[in-house]
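Throughout, protein chains are lettered first and strands after them, A, B, ... in sequence-line order, and every chain is numbered starting at 1. Just so you know, these numbers use all the heavy atoms, side chains as well, and skip hydrogens, waters and symmetry mates.
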Number of protein chains: 2
Amino acid sequence: MNFSTSEENYIKAIFHLQQEEDTATTNGLAAVLKARPASITDMLKKLKSKKLVHYQPYRGFRLTSEGKKVALSIIRRHRLWEYFLSEKLKFAWDEVHDVAEDLEHVSSKKLIDKLDEFLGYPRFDPHGDPIPDSQGRIEKHQQVSLSEIPLNKTAIVCHVGDQTSALLELMKHKNIGIGTKLEVKKRFAFDQSIEVKIRQQIPFNISELLAKKIFVKYGV
Amino acid sequence: MNFSTSEENYIKAIFHLQQEEDTATTNGLAAVLKARPASITDMLKKLKSKKLVHYQPYRGFRLTSEGKKVALSIIRRHRLWEYFLSEKLKFAWDEVHDVAEDLEHVSSKKLIDKLDEFLGYPRFDPHGDPIPDSQGRIEKHQQVSLSEIPLNKTAIVCHVGDQTSALLELMKHKNIGIGTKLEVKKRFAFDQSIEVKIRQQIPFNISELLAKKIFVKYGV
DNA sequence: TTATTAATTTAGGTTTGTCTAAATATATTT
DNA sequence: AAATATATTTAGACAAACCTAAATTAATAA
Ligand SMILES: [Mn+2]
Ligand SMILES: [Mn+2]
Ligand SMILES: [Mn+2]
Ligand SMILES: [Mn+2]
């Protein structure tokens with residue numbers, strides 16, 4: 001099956017909404033797609049007729065298992081292109097998303113599988129999100145935000161909670177990126193800010209807001 | 001300015017038609033785009049209102065200089081992607097065109113300029129067609145078909161006249177590709193077939209039809 | 001449990017890009 | 001110079017993907 005750019009954007013957005021809440025709503029989807037609720041209803045009727053969503057009027061909707069498969073293949077394309085842009089074309093971290101948003105709709109399976117091979121089968125995109133394999137299998141790494149890990153345990157940054165350039169700027173300034181090894185030395189009750197140390201460097205302070213956007217894995 | 005996929009396909013097709021005949025016709029464009037003449041007329045009105053073509057009803061049309069600039073930037077994207085697919089992803093020669101046909105419509109200037117840099121500023125695509133630079137400058141190499149060059153002069157294959165897999169298959173079998181050095185040893189009047197030698201190998205025969213599709217440069 | 005509010009759907013348009021069939025303009029023959 | 005043939009345009013429709021404004025349904029508060 002082949003889907004229009006618009007259908008693909010809907011399917012992908014529903015998938016992401018379902019990660020939060022099991023069933024997605026018309027207004028919720030309208031908000032993320034920046035479209036009016038009436039347009040969402042129109043498209044949902046179409047997706048339902050194509051058996052990509054379960055949908056009862058007024059009752060919200062969920063992707064069918066077929067719909068999920070399609071969503072994962074779009075996400076695979078998106079994240080592989082993001083990796084390509086960042087790794088090969090040296091795009092900055094906050095520049096990859098918009099371009100990948102277009103590239104993801106070029107749907108040649110051969111293109112994507114060869115791209116994957118060319119890139120060396122990367123497992124995570126530049127934001128630390130896992131890249132589904134060609135069967136649509138996705139690795140869900142149990143990641144914890146910096147604000148939750150125990151003190152004095154070495155942790156590796158593996159994911160960032162959003163992709164704005166504001167966040168990128170701050171992380172660049174503090175020298176933190178995907179893969180950075182660090183440990184939390186102290187937590188201040190007053191403002192929930194934390195003291196972080198990278199290797200032998202002098203520890204520095206991170207706000208609660210930032211700590212919540214930086215996800216790590218640690219321990220065995 | 002940004003153009004729709006459809007507008008871009010029209011502009012590019014008009015550009016190619018104009019390489020043959022200075023002014024393009026409704027039916028001619030309908031044939032290459034596989035659309036009905038009425039659709040062509042509709043789109044030409046729009047392109048005219050955007051000042052991309054000179055167009056007088058019933059009199060044919062030509063790209064304006066602005067239209068040519070746009071066409072060249074689409075062709076640049078197309079050929080850079082073809083080069084990428086062939087060189088980096090190891091696509092065969094006759095597989096690159098269709099995928100590039102989609103990729104060419106992703107119009108981020110930064111993407112294309114970085115891709116160009118990543119590829120090392122290639123000057124020709126896998127079919128030997130020149131790639132316009134970021135200013136839209138294109139190199140027109142005066143190429144001659146194998147059926148026209150003088151005997152016993154070393155020539156280098158630089159271009160193929162079409163991109164079908166039938167042609168690719170035959171050229172692969174004869175071990176001829178872009179860059180191959182060869183010379184024509186003899187021409188047979190009976191069927192216009194020619195005897196070709198590649199380096200120290202045993203000369204072999206090539207039909208008139210094939211000779212006309214293989215373009216070379218030679219001499220100083 | 002009714003009344004009010006919020007969420008969602010329906011009805012009816014619009015734009016883009018396509019099409020068929022009919023009309024018209026240009027080119028080619030006699 | 002007509003008559004005929006061919007190329008092109010116009011008229012009118014249609015599907016996709018949007019929209020606004022008006023119902024309608026469901027949720028919540030009185
Ligand atoms: Mn992204
Ligand atoms: Mn990402
Ligand atoms: Mn091509
Ligand atoms: Mn080419």
Side-chain angles (χ1 to χ4, degrees), chain A residues 1-14 17-18 20-63 67 70-71 74 101-102 104-107, chain B residues 1-14 17-18 20-63 67 70-71 74 101-102 104-107:
Chain A
M1 238 13 88
N2 246 57
F3 303 99
S4 72
T5 293
S6 209
E7 289 170 326
E8 290 190 343
N9 285 334
Y10 276 76
I11 294 164
K12 190 171 62 134
I14 297 169
L17 278 177
Q18 277 190 244
E20 316 281 305
E21 300 240 37
D22 185 58
T23 147
T25 67
T26 302
N27 276 1
L29 187 51
V32 311
L33 290 179
K34 291 175 209 300
R36 307 335 286 283
S39 310
I40 306 299
T41 302
D42 286 349
M43 181 61 91
L44 271 150
K45 285 181 190 161
K46 192 169 28 146
L47 295 180
K48 179 178 183 160
S49 82
K50 294 190 176 188
K51 299 195 196 299
L52 295 166
V53 292
H54 298 293
Y55 167 54
Q56 300 285 122
Y58 295 103
R59 297 271 100 130
F61 38 87
R62 291 187 341 275
L63 291 176
V70 175
I74 303 164
E101 209 53 53
D102 287 340
E104 73 187 1
H105 302 294
V106 176
S107 60
Chain B
M1 236 15 86
N2 247 58
F3 302 99
S4 71
T5 293
S6 209
E7 289 170 325
E8 290 190 343
N9 285 334
Y10 275 76
I11 294 164
K12 190 171 61 134
I14 296 170
L17 278 177
Q18 277 190 242
E20 315 282 306
E21 300 239 36
D22 186 57
T23 146
T25 66
T26 302
N27 275 1
L29 188 51
V32 312
L33 290 179
K34 292 174 207 300
R36 308 334 288 280
S39 310
I40 308 298
T41 302
D42 286 348
M43 181 61 91
L44 271 150
K45 286 181 191 162
K46 192 169 30 146
L47 295 179
K48 179 178 182 158
S49 82
K50 294 191 175 186
K51 297 194 197 300
L52 295 167
V53 292
H54 299 292
Y55 167 54
Q56 301 286 121
Y58 295 102
R59 294 278 93 138
F61 39 86
R62 292 189 337 276
L63 291 177
V70 175
I74 302 163
E101 209 54 52
D102 287 339
E104 72 186 1
H105 302 293
V106 176
S107 61

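Whole-Å rounding puts the K34(A) NZ to dA17(D) C1' distance at 18 Å. dA13(D) atom C1' lies 12 Å from atom CG of D42(B), rounded to whole Å. Whole-Å rounding puts the R36(B) CZ to dG12(D) C1' distance at 17 Å. Atom pair N9(A):CG and dA17(D):P shows a separation of 11 Å (rounding to whole Å applied). Remark: P of dC18(D) and CD of E7(A) are 10 Å apart, rounded to the nearest angstrom. Computed from coordinates, the E8(A) CD to dA17(D) P distance equals 11 Å when rounded to whole Å. A straight line from CE of M43(A) to C1' of dC19(D) spans 14 Å, rounded to a whole angstrom. Atom CG of L29(A) is separated from atom C1' of dC18(D) by 14 Å (rounded to the nearest Å).
An OP1 or OP2 oxygen of dC19(D) is reached within less than 4.0 angstrom by a side-chain nitrogen or oxygen of S39(A). Look at R59(B) and you'll find a side-chain N or O under 4.0 angstrom from OP1 or OP2 of dA27(C). When the side-chain nitrogen and oxygen atoms of K45(B) are compared with OP1 and OP2 of dT9(D), none of them lie within a distance under 4.0 Å. Within the structure, every side-chain polar atom (N or O) of S4(B) is placed at least 4.0 Å from both OP1 and OP2 of dT16(C). Side-chain N/O atoms of T41(A) include one lying less than 4.0 angstrom from OP1 or OP2 on dT9(C). At dT10(D), none of the side-chain N or O atoms of Y58(B) fall inside 4.0 Å of OP1 or OP2 (strictly under the cut-off).
Using a 4.5 Å heavy-atom threshold, the side chains of L47(B) and I14(B) count as touching. Within the 4.5 Å cutoff, no side-chain heavy atoms of Y10(B) are placed close to those of L44(B). Using a 4.5 Å cut-off on side-chain heavy atoms (C-beta onward), L29(A) and F61(A) make contact. Here the side chains of N9(A) and E104(A) are in contact, with some heavy-atom distance below 4.5 Å. Two residues are said to be in side-chain contact when any heavy atoms from C-beta on lie closer than 4.5 Å; H105(A) and H105(B) fail this criterion. A heavy-atom distance below 4.5 Å is not found between the side chains of R59(B) and H54(B). Between K50(B) and M1(B), the closest side-chain pair of non-hydrogen atoms is not below 4.5 Å. Between F3(B) and I74(B), every side-chain heavy-atom pair lies at or beyond the 4.5 Å cut-off.
For T41(A), the side chain to side chain contact (heavy atoms under 4.5 Å, CB included) test picks out T26(A), K45(A), Y55(A), with sequence neighbours left out.
In this structure, the nucleotide among dA16(D), dC19(C), dT9(C) sitting nearest to the side chain of K46(A) is dA16(D).
Judged by closest nucleotide on DNA chain D, F61(B) is the one of F61(B) and A35(A) placed further toward the 5' end.
For the contact set between residues 20-28 of chain B and DNA chain D, defined by any heavy atom under 4.0 Å, the members are T25(B), T26(B), N27(B). Within residues 50-57 of chain B, the residues that have a heavy atom under 4.0 Å from DNA chain D are, in order of number, Y55(B), P57(B).
With Q18(B) contributing its side chain and L63(B) its backbone, the two residues share a donor-acceptor pair below 3.5 Å.
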